[in-house]
Amino acid sequence: MLPPQRISCRERRAFHWRTASPWTTCVRVTCFSRLRFMWFALMVLTVLCVALQMLGVVRQARSSKVLKLVSKQLIRMPAEIHRPMKRKDWENLENLSALSTAIVEEPVDQHSFIQRRDESENPHSEEEREQVLEVARKKFTSTTKTVPPMEANKLFLDQKVAKLFPHQPQKPVITKNNHEIQKPPQSDDNTDKYTVKSQAVTCQPKNHIVFLKTHKTASSTILNILYRYGDSHNMTFALPLNMHSQLFYPAFFAAHFVEGVRTQSVKEFHILCNHMRFSSQEVRKLMPKDTFYFSILRNPVAMMESLFVYYKAIPAFRAVKSLEEFLIQGGRSYNASVPNNHYARNILTFDFGLDNTAPENDTELDRRSAEVIAAVERDFPLILISEYFDESLVLLKHALCWSLDDVSSFRLNSRSERSRRPLSAETTEQVKQWNSLDWRLYQHFNVTFWKRIDSTLGQTKLQQEVELLRAKRMKLEQMCLQEGGAVDPAQVQDSSLKPFQYGAAVIQGYNLRLGLNNDTRQLCQRLITPELQYTSALYTKQFPQLAAARAAAAKRIAASRNIATHRAVKRNIETNAHIAVTNNTSHNNTNITIADKHSLNILANSVVHSERQNNFDVHSVTKQYKNKEIKRNSDKHITQKHFINSKVPQESALL
C-alpha cells in the first residue's frame, strides 16, 4: 500500500494530463524527456552545420569565378612565363632580354583588350617607331641585367598584366639598385596590325543564312553561290515541299512550306534562299537567332524591261505590244487583283512582303516609302546592288567571312544580248513613276551600299579585291568552259544543263570543256548548273526516300499518259479511216488502205519516240494526220486517173 500523499499526487497528475491541451502535452513530452531533448539538440546542430556548409560553397563559387578569370588571363600569357625559369636562363642575360622583347611585341587577347586607333593618333612613321622600339629595348635590357630572378619574374608578370589591363594605374617597379624600369612605348602601327589579326580571329564563317531571292536581279547567281557553299560543307537547306522550285510564291512564306518541318525529319536548317514572299515572323520560326539576312536590288528601270520580256504572258502585259505602249496607256491593262499581275508594278516591295500598291500623291509616297525602307532595314542588315555585282560579292565575302573561292561564280539565268533593248529617256522617267516605291527603295540602299564599303573596306581595298575576283573568274572560265563564255540554249550540248526558258527571253547556258578530271569537272559543273536542276539535286541529297518515291510516281503517271495517248490516237485513226473508206469510191480503196497503213506506221514510230522522251503531244499528232488526210483528198483525182491507166501493174504489186 502506498502512502495517501503519493496516491493523491498521482491522482492530481493524471487529472492534469487529462485536462491539458494537445500542444502543451507535445511540448512537454518533447522537452522534458532526456532522450528527446538530446535528439532536438542534435537536429539543431545538424541544421547549423548544413547552413555553414552552404555558405562555404557560395563563397567558394565566388572565389572560383575570380580564379577562373585570372587563369584565363594567365593562359593568354606566353609559355615562357608559365614554365619555371632554369639557372641557365638567368645566367644567359641575352635570353632574358629576348624574353622581355617577346613579351612586349606579342599581341595580347584580340577579342577584348585591343582597340583600333585612328590614323590621326599615329603621327610617327614606321622608321621612327622602329627606332623608338629599339632604344626602349636596349634600355630595358640594360636595366634588367642587375635584376635578381624572382624580381625579374615579377616584373614580367606586372608588365603582362599592364598590357592586359591598360586602363588600370600602374606603379613603377623599383629594383634593389633603385632603377625604375619603364614599359617600352607601344607603336600605333603594331596596334593596327594586331587589330587586323583580331578581326581575322573573331570573324567566323556564318552558317545560318537567309537570302531573299528577288526577281530579275542576278539573284540566281547568288543562289548558286549559296548552293555550292552549303553543298560542299554538308549544310541543310530549307527546300520547298514536294520538290517545288519556289516556296509557294506569291503567297506569304509559312514555315510548313519547307520540306521536313511537318514530319520533323530535319532538326536544323542552315540556308533558306529559294523564291518566297518574305514574312519575318514565319522565317524566324524556322531559322536560328544568329541567322544572317541579306538580299539584292536592281535599278527598277532595267528590271522593268527584263520583267516585261520574261513575263509577257501575264494579264497586264498580254494586251500590249511593247513596254512603251503599256506605260503610255498608264497601265490600263493592269489590275492588282488579277493573279500574276504583281510582276508588273513594284515587284521588289512585293517580294519583301510589303504592300506594293502605288501611293496616290507625293505626301503618301513619302510616308509609304519611309515605311518600306524602315521595314527592310529592320530585317536585312545587308542589301546588295545588282549594277555593282562584283563589288557586292566582295562585300558579301567580308560579311559572311568567306573566302574568294566561295564567292567566285558565273552569271546564271542571264538573257542573250539580242533579247535586250534600250529604253528612251522618256520611258525611263515613266518607269520610275510607275514603280515609285521600288525606285525610292533602290535609291536609298544604293547610297547605304557605298557608305558601308567606305566604313568597312575603303575604295582602294575594294578595287584590289574586285580585280582579284575578276581574275579568278577569268581563270575559271578558261579552265571550265568550252566556248569561254555563255552560249544560246540551242547550243548547250548537255540537255541536263539547259536553263529553263520562259516568256520571250533567251536564257543562256554553258558547255563544259572536254577531258576534265573528276574533281575539276565536279567543280565546273556546280558552277554552271541551273537553278531548277541544282534544287532537284539538293532535294534528292537531303531526302533520298521522298525523291525516289516521287520519281516512281512520275514514271507511273508518264506511263499511264502514254497508254492513254496511244489509245486516243489509235481510236482517232480508226475513226478517220472509217470515214474515209465510206466516202471514197471502191476503186481507190486499195490506195487508202496503203496510205492508212503508212500513217499507222508513222504514228506508231512517233508513239515509241514519245515514250522515250515522255513528252508526246496528242494535238500535234492529230494535226499531222489531218494534214495528210487533206493532202490525200486533194490528190484523189490524180490517184484515180493513175489507177485507171496502170490497173494491171497495181494489181500485180498488191498480189
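Not measured: the values here are computed from a predicted model. The analysis underlying the following values was restricted to heavy atoms, covering all of them including side chains, and did not include hydrogens, waters or symmetry mates.
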Trace of the side-chain hydrogen bond (donor to acceptor under 3.5 Å, both in side chains) decision for Q463 with Q459: CA-CA 6 Å; Q463 193 61 32; Q459 295 291 336; over 6 Å; no
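- Salt bridge E371/R367: present, at least one basic N to carboxylate O contact under 4.0 Å.
- Using a 30° and 60° split on the angle between ring planes, Y539 and F543 fall in the tilted class, from 30° to 60°.
- Annotation: M479, atom CE; neighbour count of heavy atoms from other residues, nucleotides and ligands within 6.0 Å is above 12.
- Scored by the side chain to side chain contact (heavy atoms under 4.5 Å, CB included) test, N511 finds Q482, E483, V487, V492, Q493 as partners (sequence neighbours excluded).
- Y249 pairs in a side chain to side chain contact (heavy atoms under 4.5 Å, CB included) with only one of the listed residues (K213, H244, H342), which is H342.
- Remark: side-chain polar atoms of R298 are not paired, donor with acceptor, to backbone N or O of A218 under 3.5 angstrom.
- Side-chain atoms of R473 come within 3.5 Å of backbone N or O of S409 as a donor-acceptor pair.
- M303 has its side chain out of reach of S386: every pair of non-hydrogen atoms, C-beta onward, lies at least 4.5 Å apart.
- With contacts defined as side-chain heavy-atom distances shorter than 4.5 Å, the pair M304/W434 qualifies.
- Taking all atoms of both residues into account, the shortest heavy-atom contact from L247 to A238 is CD2-O, 4.5 Å.
- Distance alone, capped at 3.5 Å, is enough to place a donor-acceptor pair between the N346 side chain and the N356 backbone.
- Ring pair F326/F317 is perpendicular by interplanar angle, where above 60° counts as perpendicular and below 30° as parallel.
- Classified by interplanar angle (parallel below 30°, tilted 30° to 60°, perpendicular above 60°), the ring pair H275/H215 is parallel.
- In this structure, the side chain of K397 does not engage the main chain of E465 through any donor-acceptor pair within 3.5 Å.
- Among residues two or more places apart in sequence or in another chain, the side chain to side chain contact (heavy atoms under 4.5 Å, CB included) test is passed with Q501 by P489, P499, I507.
- Aromatic pair F211/F294: centroids less than 6.0 angstrom apart.
- Side-chain contact between K216 and N413 is present, with heavy atoms from C-beta onward closer than 4.5 Å.
- Listed for the Q533 side chain is a donor-acceptor partner under 3.5 Å among the backbone atoms of S496.
- Counting heavy atoms from C-beta on, the side chains of Y534 and R526 come closer than 4.5 Å.
- The side-chain tip of R284 points at the ring of Y293 from less than 6.0 angstrom away and within 45° of straight on.
- When all heavy atoms of F269 and P288 are compared, the closest pair comes out as O-CD, 3.9 Å.
- Taking the ring centroids of Y310 and Y343, they lie at or beyond the 6.0 Å cut-off.
- N335 places no side-chain N or O within donor-acceptor distance of the main-chain N or O of A316, the cut-off being under 3.5 Å.
- Without hydrogens or angle criteria, N517 side chain to T520 main chain gives a donor-acceptor distance under 3.5 Å.
- No donor-acceptor pair under 3.5 Å is formed between the side chain of E364 and the backbone N or O of E360.
- Note on ring orientation: taking the six-membered ring where Trp is involved, the planes of Y388 and W450 are perpendicular (angle over 60°, cut-offs 30° and 60°).
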Please evaluate residues D406 and S403 with respect to the criterion side-chain hydrogen bond (donor to acceptor under 3.5 Å, both in side chains), reporting the C-alpha separation (whole Å), side-chain torsions for both, the decisive distance (0.1 Å), and the verdict. CA-CA 5 Å; D406 295 330; S403 65; 3.0 Å; yes
